[in-house]
Amino acid sequence: MDRLKGKVALISGGARGQGAAEARLFVGEGARVVIGDVLDAETAKTADQINSKAGTRAAMAVHLDVTRAADWRAAVETCTREFGGLDILVNNAGIANSGGVEDTSEEEWDSVINVNQKGVWLGMKFAVPAMRKRGGGSIVNISSIYGIIGSGGSAAYHASKGAVRLLTKSAAVQYAGDKIRVNSVHPGVILTPMVEMASREQLQPVIDMAPMKRVAQPEEVGWCVVFLASDEASFVTGAELVVDGGYTAV
Amino acid sequence: MDRLKGKVALISGGARGQGAAEARLFVQEGASVVIGDVLDAEAARTAAQINANRRAAAAVHLDVTRAADWRAAVDACGREFGGLDILVNNAGVFNTTGLEDTTEELWDTIVNINQKGVWLGMKFAVPAMRQRGGGSIINISSVAGLTGSTGSTAYHGTKGAVRLLTKAAAVQYGPEKIRVNSVHPGIIATQMIDIIPKEQRERFTSFVPLRREGTADDVARMVLFLASDDASYVTGAEFVVDGGLTAT
Ligand SMILES: NC(=O)c1ccc[n+]([C@@H]2O[C@H](COP(=O)([O-])OP(=O)(O)OC[C@H]3O[C@@H](n4cnc5c(N)ncnc54)[C@H](O)[C@@H]3O)[C@@H](O)[C@H]2O)c1
Ligand SMILES: NC(=O)c1ccc[n+]([C@@H]2O[C@H](COP(=O)([O-])OP(=O)(O)OC[C@H]3O[C@@H](n4cnc5c(N)ncnc54)[C@H](O)[C@@H]3O)[C@@H](O)[C@H]2O)c1
């Protein structure tokens, strides 16, 4: 119940899906969270639900387009102003694409790279100074198993998630001296709106290939993020946590 | 001598350094090469040196961030040498700036050249390779695409991206007999790392099990292997040329 007691977290893309699950779990473990997303109405609803369940104002919604430096600056300021500082950043916002190398347009390429990769860098860039003031922190970057293996499409998505994996290691080395830990999480197929857009026929072969033969609920990723965010992971940095039902183990 | 006989290769960033070494070696092994770079005079000089024996190299202006330049470079391969079999995505820029000190402008420049450039190269090369019934693409990542360091944030991001972009393309084009692999050089003595102070280079080298910096030719021989039919069952794989640096 108190694994994140007294900590303040900023979660990007927290309006729904995995980010919203993490916001709920974090508050359940004693943290206060700022949820940033471009879906303003959904973000506000998620924060309201968390607050009414908690019976206290433990969650706040802000408008955050992760591709915009000014939005990140404002989101970090909100953490400090409303909750007194920042200890945990979850770089969770992301968009999928299915186009392969040839059938991806430059516009699609740029938008996937900007949200999934540049957004993660900008988040760290603005969070680090605030964490330094607290004497340390934990950054969790949501990559994907598609940052570890290839598939027959999703070229820009693979590139962006591969970049996140290495950005994570580079930041882990850079900020270890500041006691800021940085790790990446690599989910397999998780039942969120991102995946619900795919058809059953698209998903079934992927499910069949995973040893556990099922998709996961967002909370199953959320608990991994709680662990990495908490002091239980005090010696864990620059590491990769795969949550995929064994998909990449075969 | 004939490991690439009859093949046509396009090498980005081939004016100097590793790309130029690959161009020379490829031609020695019987290939024709198109060298694309933004350094027009140096690219022309490198091609002219190669052509002293037989006309096997052409230089084109190629800024890897521009789709139109890639289209023209692939066209040049067809026009000058009859097709395209091998693409070496070698062009790249390096910097040592850390996470917070990186500006958006610097970030965008590095990501565009090292990462978007690799994707665009594959996008325009694949249709030409398909016409030949297959091909080999070699993407030059780095040990910086495998492990982190205290700086070079954007560079690490791009080289990690290239590693996965390689695997994605390998899966996608395997059925069309286009192989795609990544090469991860360690510390290689080219102009790129002149920005690293001498003492620091010596300190880095002391961590390398082979206790020396690599040469452009050390990398070029690996690229030659992957380009050739010797590597006919090799795809989606990663190859370090780092004197053992990442093995420690
Ligand atoms: N669902 C899966 O199977 C799966 C697998 C591996 C990795 N992931 C990753 O997990 C993360 C969360 O995805 P999810 O499954 O919860 O999907 P989701 O689509 O439900 O959630 C993604 C959230 O990111 C937000 N977002 C998109 N662009 C944004 C921007 N520019 N600024 C701020 N927010 C933005 C969306 O509005 C949404 O709320 C993503 O990074 C995704 O790539 C998902
Ligand atoms: N030297 C090393 O220690 C080392 C280590 C690991 C990886 N690498 C990688 O090896 C590759 C080759 O580098 P090198 O060591 O020969 O360095 P280099 O600087 O001598 O060569 C790089 C070449 O790329 C060209 N280039 C830069 N921007 C370009 C653009 N927009 N369009 C076209 N060409 C462009 C440059 O003009 C130059 O000719 C790069 O991808 C680099 O990241 C180098």
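Residue numbers begin at 1 in each chain, while the letters A, B, ... track the order of the sequences. Values below: all heavy atoms of this structure, side chains included; hydrogens, waters and symmetry mates excluded.
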Checklist outcome for this item: Of the listed B:A144, B:G145, B:A154, B:A67, the one with the largest count of heavy-atom pairs under 4.5 Å with chain A is B:G145

Just list the donor-acceptor pairs under 3.5 angstrom between chain B and chain A, please.
residue : atom : partner : partner atom : Å
B:L99   : N    : A:Q174  : OE1          : 2.8
B:L99   : O    : A:W121  : NE1          : 3.1
B:E100  : N    : A:Y175  : OH           : 3.4
B:E100  : O    : A:K125  : NZ           : 3.3
B:E100  : OE1  : A:R132  : NH2          : 2.7
B:E100  : OE1  : A:Y175  : OH           : 3.0
B:E100  : OE2  : A:R132  : NH1          : 3.1
B:T102  : O    : A:K125  : NZ           : 2.3
B:E104  : OE1  : A:K118  : NZ           : 2.7
B:D108  : OD1  : A:K118  : NZ           : 3.1
B:D108  : OD2  : A:K118  : NZ           : 3.3
B:Q115  : OE1  : A:Q117  : NE2          : 2.9
B:Q115  : NE2  : A:Q117  : OE1          : 2.8
B:K116  : NZ   : A:E106  : OE1          : 2.8
B:K116  : NZ   : A:D110  : OD1          : 3.0
B:K116  : NZ   : A:D110  : OD2          : 3.3
B:W119  : NE1  : A:V101  : O            : 2.9
B:K123  : NZ   : A:E102  : O            : 3.3
B:K123  : NZ   : A:T104  : O            : 2.4
B:R130  : NH1  : A:E102  : OE2          : 2.9
B:R130  : NH2  : A:E102  : OE1          : 2.7
B:R130  : NH2  : A:E102  : OE2          : 3.3
B:T153  : OG1  : A:Q174  : NE2          : 2.8
B:Q172  : OE1  : A:V101  : N            : 3.1
B:Y173  : OH   : A:E102  : N            : 3.3
B:Y173  : OH   : A:E102  : OE1          : 2.7

Item to check | A:A159 to B:L165 - nearest heavy-atom pair and separation | outcome: CB-CD1, 3.9 Å

Checklist entry - Got a sec, which pairs hit salt bridge (charged side-chain N to carboxylate O under 4.0 Å, His left out) with one end in residues 74-83 of chain B, sequence neighbours left out? => result B:R55-B:E80

Item to check | chain B contact via A:I113 - which portion, at a heavy-atom distance below 4.5 Å | outcome: side chain

Checklist entry - Under a 4.5 Å heavy-atom cut-off, does chain B meet the side chain of A:A172, its backbone, both or neither? => result neither

Checklist entry - Hey, what do you get for CG (B:L146) to CG (A:L166), rounding to the nearest 0.5 Å? => result 7.0 Å

Checklist entry - If you measure from CG on A:L167 to CG on B:L99, what distance do you get to the nearest 0.5 Å? => result 7.5 Å

Next on the checklist: Which one wins on heavy-atom pair count under 4.5 Å against chain A: B:P175, B:G174, B:A170, B:P127?
Outcome noted: B:P127

Next on the checklist: Between B:V111 and chain A, with a heavy-atom cut-off of 4.5 Å, which part of the residue counts as in contact: side chain, backbone, both or neither?
Outcome noted: side chain

